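Here the structure is laid out as structure tokens; the discussion comes afterwards.
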Amino acid sequence: QVQLVESGGGLVQAGGSLRLSCAASGRFSRINDMDWYRQAPGNQRELVATITTGGSTNYADSVKGRFTISRDNAKNTVYLQMNSLKPDDTAVYYCKVTYYKFSSSYLFDAWGQGTQVTVSS
């Protein structure tokens with residue numbers, strides 16, 4: 001019902017910046033929370049940042065102060081601004097949203113396809 005398309009990944013030098021975008025499309029009543037996850041080779045997928053429908057945010061300790069999550073409800077899009085990037089930030093980044101369908105109070109979820117972020121030293 002909901003498809004998420006990510007963009008903005010790439011290769012950047014340490015200390016640089018990237019801005020990831022994730023746009024939701026399809027048929028739904030409204031988007032609830034929006035999250036960013038990442039997964040590096042050999043590691044489990046970890047939650048990086050989350051933003052609620054009211055705009056409250058939370059971050060993993062490893063990225064706090066460097067990353068900023070934001071959302072544009074009119075565009076059904078969530079962003080992740082990544083500054084002061086480190087080689088340890090290298091991973092595949094996934095967006096995730098929870099959402100309501102029409103005439104339903106049940107929360108569904110959807111995942112993006114993932115976008116590679118590589119930070120070189």
Side-chain angles (χ1 to χ4, degrees):
Q1 295 293 302
V2 168
Q3 297 80 44
L4 303 179
V5 178
E6 302 180 29
S7 62
L11 191 153
V12 65
Q13 293 182 347
S17 298
L18 285 173
R19 181 178 170 89
L20 306 183
S21 299
C22 175
S25 62
R27 300 195 74 251
F28 54 87
S29 176
R30 60 181 287 258
I31 300 291
N32 195 50
D33 292 352
M34 310 179 86
D35 307 320
W36 285 98
Y37 290 75
R38 69 184 181 186
Q39 187 168 22
N43 294 342
Q44 293 187 319
R45 189 169 299 184
E46 64 172 339
L47 178 63
V48 174
T50 184
I51 184 167
T52 70
T53 184
S56 298
T57 60
N58 278 292
Y59 300 91
D61 289 341
S62 59
V63 307
K64 187 171 294 185
R66 300 186 298 119
F67 290 11
T68 302
I69 187 171
S70 61
R71 63 192 290 169
D72 186 335
N73 291 330
K75 296 181 178 180
N76 296 315
T77 299
V78 61
Y79 305 94
L80 186 67
Q81 178 67 47
M82 305 184 294
N83 298 325
S84 302
L85 283 162
K86 306 173 181 179
D88 285 348
D89 296 319
T90 296
V92 177
Y93 284 72
Y94 301 89
C95 62
K96 174 198 159 188
V97 306
T98 57
Y99 66 97
Y100 294 96
K101 295 182 178 180
F102 294 107
S103 302
S104 176
S105 61
Y106 182 80
L107 269 176
F108 295 81
D109 61 56
W111 289 83
Q113 81 279 9
T115 184
Q116 177 70 48
V117 171
T118 302
V119 184
S120 65
S121 60

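As the structure is a computational prediction, the values presented were derived from the model and not from experiment. Positions are given from 1, in the same order as the sequence printed here. Atom set for the values below is all heavy atoms of this structure, side chains included, hydrogens, waters and symmetry mates excluded.
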Hydrophobic cluster (4.5 angstrom, side-chain heavy atoms) - remaining members for Y100
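Its cluster partners, ordered by chain and number, are L107.
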
Lys/Arg cation over aromatic Y106: K101, 6.0 Å, 45° cone
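Checked: cation-pi criterion not met.
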
Looking at every non-hydrogen atom in both residues, tell me the closest pair between [X] and [Y] and how far apart they are.
{"X": "A40", "Y": "A91", "answer": "N-CB, 3.8 Å"}
{"X": "R71", "Y": "I51", "answer": "NH1-O, 3.5 Å"}
{"X": "Q116", "Y": "T90", "answer": "NE2-CG2, 4.0 Å"}
{"X": "L80", "Y": "A49", "answer": "CD1-CB, 4.3 Å"}

Step-by-step side-chain hydrogen bond (donor to acceptor under 3.5 Å, both in side chains) determination, R38 to Y93:
CA-CA 4 Å; R38 69 184 181 186; Y93 284 72; 2.9 Å; yes

Side chain to side chain contact (heavy atoms under 4.5 Å, CB included) for R66 and D89? Distances and angles first, verdict last.
CA-CA 11 Å; R66 300 186 298 119; D89 296 319; 2.8 Å; yes

Short question: side chain of [X], backbone of [Y] - any donor-acceptor pair under 3.5 Å?
{"X": "E6", "Y": "G114", "answer": "yes"}
{"X": "S104", "Y": "F102", "answer": "no"}
{"X": "Y59", "Y": "I69", "answer": "yes"}

Distance from K86 atom NZ to S121 atom OG, nearest 0.5 Å?
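It is 14.0 Å, given to the nearest 0.5 Å.
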
Side chains of M82 and V117: does their closest heavy-atom pair fall under 4.5 Å?
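In short, these two side chains touch, coming nearer than 4.5 Å.
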
Any heavy-atom pair between the side chains of V12 and T118 that's under 4.5 Å?
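No, side chains not in contact.
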
Tell me whether [Y] is reachable from [X] by hopping between hydrophobic residues (I, L, V, M, F, W, Y) whose side-chain heavy atoms are closer than 4.5 Å.
{"X": "Y79", "Y": "M34", "result": "no"}
{"X": "F108", "Y": "L4", "result": "yes"}
{"X": "Y37", "Y": "V78", "result": "no"}

Kindly assign one of parallel, tilted or perpendicular to the pair W111 and Y94, based on the angle between their ring planes and the thresholds 30° and 60°.
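Perpendicular.
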
Below 3.5 Å, can you tabulate the donor-acceptor pairs from side chains in residues 16-31 to any protein atom, sequence neighbours excluded?
from: S17; atom 1: OG; to: N83; atom 2: OD1; distance (Å): 2.9
from: R30; atom 1: NH2; to: T53; atom 2: OG1; distance (Å): 3.2

Quiz question: by atom type and distance under 3.5 Å, do the side chains of D33 and T52 form a donor-acceptor pair?
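No.
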
Hey, are T115 and Q113 close enough side-chain-wise for a donor-acceptor pair under 3.5 Å?
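Side-chain D/A pair, Q113 to T115: absent.
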
Knowing that exactly one of N32, V2, T98, D35 qualifies, which makes a side-chain contact (heavy atoms from CB on, under 4.5 Å) with D109?
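The single option meeting the side-chain contact (heavy atoms from CB on, under 4.5 Å) with D109 is T98.
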
